J.: 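Before we start, here is the structure in question, set down as structure tokens.
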Amino acid sequence: MNPARVNNEPGTKSWYVGWGNCHSEILQQMRQYYPKPHFLPEDCEIPSKEYIFMGYDDGATMHLDFISRLMWQAQLKGSKKWVLKPSPECEDICKAITFLVEPGDAVLVDTRVWYHGTSIVPGEFSLSIQSEYG
Ligand SMILES: O=C(O)CCC(=O)C(=O)O
Ligand SMILES: [Fe+2]
């Protein structure tokens, strides 16, 4: 990407990416910058993979995840809007929820049963880390 697009300058196309890091040395480097979340149970299983989501504007389109555990996500930079929608089986009981996360907030949601999508507050750069526990 050219530097103007990297910085989301006017006239460039915005970008948003997410990927999982399973390379043990890179994971070790990443984990130097944040602690294991204090709210995770002492004895929970932690995968040897952590995700980074970063970028501008559109975020992730509405989807369900096919993962084997629950997920947590910590917002490190920028503000991100989450929209959660129940799956059709639960529509009579559960309602859609929208909320904003800011740096220091953590989201814990079963993304296997709640449809979810995100969007970044316009003009802000968003950076999050995410993993699973179970
Ligand atoms: O943070 C995002 O933009 C999307 C995250 C997501 O899809 C997830 O947590 O499963
Ligand atoms: Fe997801």
Side-chain angles (χ1 to χ4, degrees):
M1 261 195 279
N2 70 55
R5 187 169 178 213
V6 169
N7 293 314
N8 201 40
E9 286 176 14
T12 61
K13 189 170 160 29
S14 65
W15 56 273
Y16 188 77
V17 292
W19 73 96
N21 295 280
C22 53
H23 189 287
S24 62
E25 284 165 36
I26 292 174
L27 201 54
Q28 209 179 346
Q29 293 281 326
M30 279 170 60
R31 285 178 171 160
Q32 285 177 10
Y33 294 96
Y34 49 86
K36 178 183 154 195
H38 64 85
F39 46 78
L40 295 185
E42 280 287 308
D43 58 351
C44 75
E45 185 190 322
I46 294 181
S48 49
K49 189 176 187 183
E50 266 164 31
Y51 291 81
I52 294 177
F53 286 91
M54 63 184 203
Y56 298 90
D57 292 347
D58 277 346
T61 52
M62 217 29 126
H63 64 281
L64 277 182
D65 291 335
F66 295 93
I67 54 179
S68 48
R69 304 178 189 83
L70 294 163
M71 79 87 187
W72 60 267
Q73 183 182 111
Q75 186 68 12
L76 303 183
K77 210 169 179 351
S79 312
K80 177 155 64 180
K81 186 172 97 172
W82 281 76
V83 179
L84 305 182
K85 290 196 173 152
S87 51
E89 300 85 348
C90 304
E91 267 172 1
D92 291 344
I93 306 167
C94 305
K95 299 279 167 260
I97 312 168
T98 299
F99 55 91
L100 189 75
V101 291
E102 295 180 328
D105 290 340
V107 176
L108 288 92
V109 61
D110 192 340
T111 53
R112 304 167 299 186
V113 297
W114 284 91
Y115 281 91
H116 54 287
T118 58
S119 56
I120 312 306
V121 169
E124 293 192 14
F125 171 69
S126 173
L127 174 65
S128 323
I129 49 158
Q130 177 174 328
S131 193
E132 296 170 24
Y133 68 99

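Numbering of ligands and ligand atoms starts at 1, following listing order. The chain is numbered in sequence order, starting from 1. Not measured: the values here are computed from a predicted model.
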J.: Hey, does the side chain of S131 reach the backbone of E50 with a donor-acceptor pair shorter than 3.5 angstrom?
T.: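 Absent.
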J.: In terms of residue, atom name and distance, what is the protein heavy atom nearest to atom 5 (C) of ligand 1?
T.: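 Looking only at protein heavy atoms, the one closest to atom 5 (C) of ligand 1 is Q73 NE2, 3.6 Å.
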J.: Is the side chain of N2 donor-acceptor paired with the backbone N or O of A4 at a distance under 3.5 Å, no angle test?
T.: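 Yes, because the side chain of N2 sits within donor-acceptor range (under 3.5 Å) of the backbone of A4.
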J.: Using a 4.0 Å cut-off to any heavy atom of Q130, which atoms of ligand 1 qualify?
T.: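 Here the atoms of ligand 1 in question are 5 (C), 8 (C), 9 (O), 10 (O).
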J.: What are the atoms of ligand 1, with element, lying closer than 4.0 Å to any heavy atom of M71?
T.: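 Going through ligand 1 atom by atom, the ones under 4.0 Å from M71 are 9 (O).
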J.: Identify the closest protein heavy atom to atom 4 (C) of ligand 1: which residue and atom is it, and at what distance?
T.: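 Of the protein heavy atoms, A60 CB, 3.6 Å lies nearest.
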J.: Short list, please: which atoms of ligand 1 are under 4.0 Å from a heavy atom of Y16?
T.: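 So the answer, numbered in order with elements, is 1 (O), 2 (C), 3 (O).
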J.: Side chains of K80 and V107, heavy atoms from C-beta outward: is any pair under 4.5 Å?
T.: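 Not touching, per the 4.5 Å side-chain cut-off.
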J.: Quick check: does H63 get an N/O under 3.5 Å from an N/O on ligand 1?
T.: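 Yes; the residue has a nitrogen or oxygen that sits under 3.5 Å from a nitrogen or oxygen of the ligand.
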J.: Rounded to the nearest 10 degrees, what's the angle OD1 of D65 makes with NE2 of H63 at the Fe ion (ligand 2)? Could you check?
T.: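 The two atoms form an angle at the metal of about 80°.
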J.: Centroid separation under 6.0 Å, is that true for the rings of Y56 and F125?
T.: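 Yes; Y56 has its ring centre under 6.0 Å from that of F125.
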J.: Pick whichever of T111, D65, V107, V101 has a heavy atom sitting closest to atom 10 (O) of ligand 1.
T.: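 When every heavy atom of T111, D65, V107, V101 is considered, D65 comes closest to atom 10 (O) of ligand 1.
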J.: Could you tell me whether W114 approaches ligand 1 through its side chain, its backbone, both or neither, with non-hydrogen atoms closer than 4.0 Å?
T.: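 The answer is neither; W114 stays 4.0 Å or more away.
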J.: For the pair Q130 (side chain) and Y51 (backbone), establish whether a donor and an acceptor sit closer than 3.5 Å, ignoring hydrogens and angles.
T.: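 Side chain of Q130 to backbone of Y51: no pair is present.
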J.: Determine, using the 4.5 Å side-chain heavy-atom cutoff (strictly less than), whether I67 and L108 are members of one ILVMFWY cluster.
T.: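 No, I67 and L108 fall in different hydrophobic clusters.
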J.: For atom 1 (O) of ligand 1, which protein heavy atom lies nearest, and how many Å away is it?
T.: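 Checking every protein heavy atom, the shortest distance to atom 1 (O) of ligand 1 gives K80 NZ, 2.7 Å.
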J.: Is the shortest heavy-atom distance from the side chain of K81 to the side chain of V121 under 4.5 Å?
T.: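 No, side chains not in contact.
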J.: Distance under 4.0 Å to a non-hydrogen atom of W82: what atoms of ligand 1 satisfy this?
T.: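 Answer for ligand 1: 5 (C), 9 (O).
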J.: Please check if M54 and I129 belong to a single hydrophobic cluster, counting links between Ile, Leu, Val, Met, Phe, Trp and Tyr side chain heavy atoms closer than 4.5 Å.
T.: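 Yes; I129 is reachable from M54 via cluster members.
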